[in-house]
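Below is one structure, written out as structure tokens, with a few remarks after it.
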Amino acid sequence: MPDLLLELRSEEIPARMQRRAADDLKKLVTDAMVERGFLYEGAKAFATPRRLALHVAGLPARGKDVREERKGPRVGAPDGAVQGFLKSAGLTSIDQATVVTDPKKGEFYVAVIERPGRDTLDVLAEILPQVVKSFPWPKSMRWGAASAQPGALRWVRPLQSIVATFGPETETPEVVPFAVDGIVAGTTTWGHRFLSPGPIEVRRFDDYVQALERAHVVLDTERRKDIILHDARDLAFARGLELVEDDGLLEEVAGLVEWPVVLLGTFDEAFLEIPAEAVRATIRANQKCFVLRKGGSDALAPAFILTANLVASDGGLAITAGNERVVRARLSDARFFFETDKAVLLEDRLPKLDTIVFHEKLGTQGQRVERIAALARELAPLVGADPDLAERAARLAKADLVTEMVGEFPELQGLMGRKYATLQGEPASVAAAIEEHYKPVGPSDRVPTDPVSVAVALADKLDTLVGFWAIDEKPTGSKDPYALRRAALGVIRLILDGSFRLHLLTIIQHQVLFVQGLADLPGKYDEKRRGDGHTTRQVKLEVCEQIADSLLIFFADRLKVYLRDQGARHDLIDAVFALRGQDDLLMVVRRVEALGRFLDSDDGRNLLAGYKRAANILRIEEKKDGRAYEGAPDAALAAAGEPEERALSEALVVAREAASTAVAAEDFAGAMRALSTLRAPVDAFFEKVTVNAAEPRLRENRLALLNALREATQEVADFSRIEG
Amino acid sequence: MSSAVDPAPKLSSDEISSHKTSFQGLILTLQNFWAAQGCVILQPYDMEVGAGTFHPATTLRALGPKPWKAAYVQPSRRPKDGRYGENPNRLQHYYQFQVILKPNPPNLQELYLASLDAIGVDLKLHDIRFVEDDWESPTLGAWGLGWECWCDGMEVSQFTYFQQVAGFECAPVAGELTYGLERLAMYVQGVENVYDLNFNGGSGEDRVSYGDVFLQAEQEYSRHNFEAADTAMLFRQFTDAEKACRSYLDAGAPATQTERHRMAQPAYDQCIKASHVFNLLDARGVISVTERQSYILRVRELAKACGAAWLRTAGGGAP
């Protein structure tokens, strides 16, 4: 079976786009083939800085023949009908059609249309230029003289040549005949820019890979990564050092070279006074080099690994020396930043935050810090933190954003703040909180445990959420530019991991006032009466409650997602949130857990069945009577009725009381146990007692009994939300 | 006829043009290289600009259909980058060598590499890399795709295919090369501090260093840029330049669809002026974050209007 080889050679493709581009190339070509009925055995795509390549193995040489019979008009039909038939069947004369006789319809024409399968080569010649012209680069450009014309070809950087061959292994493959914007597909490519700059003739995938290899191009990214990683480890090992591995950097570096040559450079040990993370960020971000550890320790070594794209005639001495010079200059800058930063106390940087806009509608970073500090102080006792330390940490938490080091390397935010705080003698928990208040960043990130960190982390996230809710910038669909879902999940994990008791509604409402600049103004708005008798402050409070309710619903949604990932039933979470005022996430979770265990037991399942039966009857009867049976049942009347009726009436009073008491004591298992005592009386009631008694007073009282059951279950959850 | 003055030069012509021994030799080598490629070798624009791109030979000439090849040195002012002469790598005034080729020739990368070879970067010895760097100038309403060109890990040039300038599509696309001359010279001369560069190639008493020429200026201008620049005057100048730009554009505006614009270049000078004044105000720290954006937008509006006017001139290809 024949294979396709396609290579699109261009000027240097950005490293970050290569992998995706290879995937897209494979998908676009194979999808287009499959869509036209051409199946293949396998396909693999590759990318280097200067080429995208695709190998599709096991394509048919041509497509399947298609035979189709098309019925036409009766023999003797009007000429118009005959002409229409000829046109649609692609015939020139009615003689080319056959006449078929049908006992019912008589004689009519049939055209047999035979379409031979198309040559795969032709289909490829049709598909490949389309793929090139519509390739989904994240950013593309025009170039050269052709760019003067509208509709000129766009590519990520100038496209220079195309190789496209198709044919079986045993024969010389053919060139897929096509051209795009004057670039004609052929069999010539070029090797490494410096090491093998001449043209190479290639025929099919196998010899292509080998020819490239001889011309100093390693086609497969994974192989380039392997070479870099192994050579880097070996070089480090030979010096008694260890490579600090970095997958993202490895991927990027492999996208910057066609022929990786790994070299080791050194720098002055004195630079290791700079915090290790800053050394690493400097060398990584600016130089795309790996840092090294001293063998068996966490400490960095004064050396780095660089990956060149050249086998230099001096063995790499000049390249290493050049890179060392740049690393030295960069580390000098980093040391300068560090020394400059250390000279200013973090609190002295705070005025600068007043000049930085956090969000147009939410004020400056300085105002934000004030709000976070106030909230952290308020939350501190709830999470076991010292309020003074929490406030102090919150106040300093964003100060490192205006340091030189973080300005240069934003990814070091928090971490540098901690270093500078430690150096200026802040308490350990304050310093730790400055770094940890950003945590947890994602679902797998560590949740801080130091109470001061927890208080500031919660305050930071809650203030952000409240702020964006107050200005109505909520996440929608896939859009969440301020990462609010992540912030809410962070709050949830902080609360649950630490088993903290927080009434979110109260906290949110208070913070909304703060965001709107009203928190410290009690009564100020009372004088400004509006026409309808509401005070402005009352109106603001209503808005504030609406915002808090809406944000709590968001928390409920996020909690649902979180618990579902942990295996909890979403209907149980709904059943608990359906109760009014559930804003204590820890209690919600405890209740869901208890409810889940209860419903797993026989008593639970049966009570749920009894509840459903009662709710059904009530729904039907209430609809029929056009009224709700909400009043308390008459105990005396029930006592005078059937024994089962009396038993249920008595059991309900006891169970509801017990469940209510248990809930108040946050003993949800106890509440469930109390409810489970209803199972036997409910079963017996349904077995022996006719709800729809002839006597209206009895019927009404029995319906009221069922309602009492409904209400009793409401002590723990809204059972109507439970499925099954 | 004989002269009383000894005309014998102190340096041979080879020494003068040697890129290895002098800063000016590097410039001469690059000029010769690009002159051989058919570029007009221009002189620096006589106004303060932040980068060689601002020179009308790049900004305006990149617009419109007419072919254009030029190369020139442009002193570039970055008031914020001043370090009082104390940092070995940062300057508030430095030189860029700028090449613009419209349309870009298909072998522009090869030409660039050959120019490196010409200034003494041995391509068998040094690791040259094209690393993604998308260029954007918010003040010029311009963007392009290209690379930072690395030599052994050091960025020595910017390589850009202009896609848009002054808000207009470039048709055809121009290729722009910007060489950081001080960095390249430091590399070629093997010097760690910019002020130690040999400027004229002389030795002993005849040696003039970069520091001899520029150190005092760096100190003085750093003081000026950060401490003394008269902000009230600068704010006035910004407004004046903005007004002047608009009024020159109006005054030169064509009366009918078929006429040409008559004053695109003087108007563009005022746009350059506004941009530099903004940079000075920014260095003085008197522009807040939110204001900053609006100043950039104001300059961009001027650049766009000047670009539109240029396209109505002969140079811009108007009929």
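Under 4.0 Å is where a charged nitrogen must lie from a carboxylate oxygen, and between Glu12(A) and Arg193(A) at least one such pair does. A salt bridge links Glu169(B) to Arg142(A): at least one charged side-chain nitrogen sits closer than 4.0 Å to a carboxylate oxygen. Salt-bridge check for Arg90(B) with Asp333(A): failed, with every basic side-chain N at 4.0 Å or more from each acidic carboxylate O. Ion pair Glu251(A)/Arg16(A) not flagged as a salt bridge, since none of the NZ, NE, NH1 or NH2 atoms sits closer than 4.0 Å to an Asp/Glu carboxylate oxygen.
Thr178(B) and Gln98(B) share a side-chain donor-acceptor pair at under 3.5 Å. Checked by atom type, the side-chain pair Tyr112(B)/Glu110(B) shows no donor-acceptor distance below 3.5 Å. Checked by atom type, the side-chain pair Gln158(B)/Glu148(B) shows no donor-acceptor distance below 3.5 Å.
Residue contact with chain A, scored on non-hydrogen atoms closer than 4.5 Å, is absent for Glu155(B). Proximity to chain A is absent for every atom of Leu101(B), based on heavy atoms less than 4.5 angstrom apart. Neither the backbone nor the side chain of Asp122(B) comes within contact range of chain A, judged by heavy atoms closer than 4.5 Å. When heavy atoms are compared at a cutoff of 4.5 Å, Val261(A) does not approach chain B at all. Residue contact with chain B, scored on non-hydrogen atoms closer than 4.5 Å, involves the backbone of Ser140(A) exclusively. When heavy atoms are compared at a cutoff of 4.5 Å, Pro106(B) approaches chain A solely by way of its backbone atoms N, CA, C and O. Looking at Asn286(A), the atoms closer than 4.5 Å to chain B (heavy atoms on both sides) all sit in the backbone: N, CA, C or O. Contact annotation for Gln160(A): only side-chain heavy atoms (C-beta onward) come within less than 4.5 Å of a heavy atom of chain B. Both the backbone and the side chain of Tyr187(B) have a heavy atom closer than 4.5 Å to some heavy atom of chain A.
Between Lys288(A) and Trp150(B) the shortest heavy-atom distance is CG-CH2, 3.7 Å.
With respect to chain A, the highest number of heavy-atom pairs below 4.5 Å among Asp133(B), Val191(B), Asn89(B) belongs to Val191(B). Interface remark: of the candidates Tyr161(B), Phe162(B), Trp147(B), Trp147(B) forms the most heavy-atom pairs closer than 4.5 Å to chain A. Contact count versus chain B (heavy atoms, under 4.5 Å) is highest, among Leu306(A), Val257(A), Val326(A), for Val326(A). Between chain A and the options Met154(B), Gln163(B), Lys124(B), the largest number of non-hydrogen pairs under 4.5 Å is found for Gln163(B).
Although no hydrogens or angles enter the test, the distance criterion places a donor-acceptor pair under 3.5 Å between the side chain of Asn323(A) and the main chain of Asp152(B).
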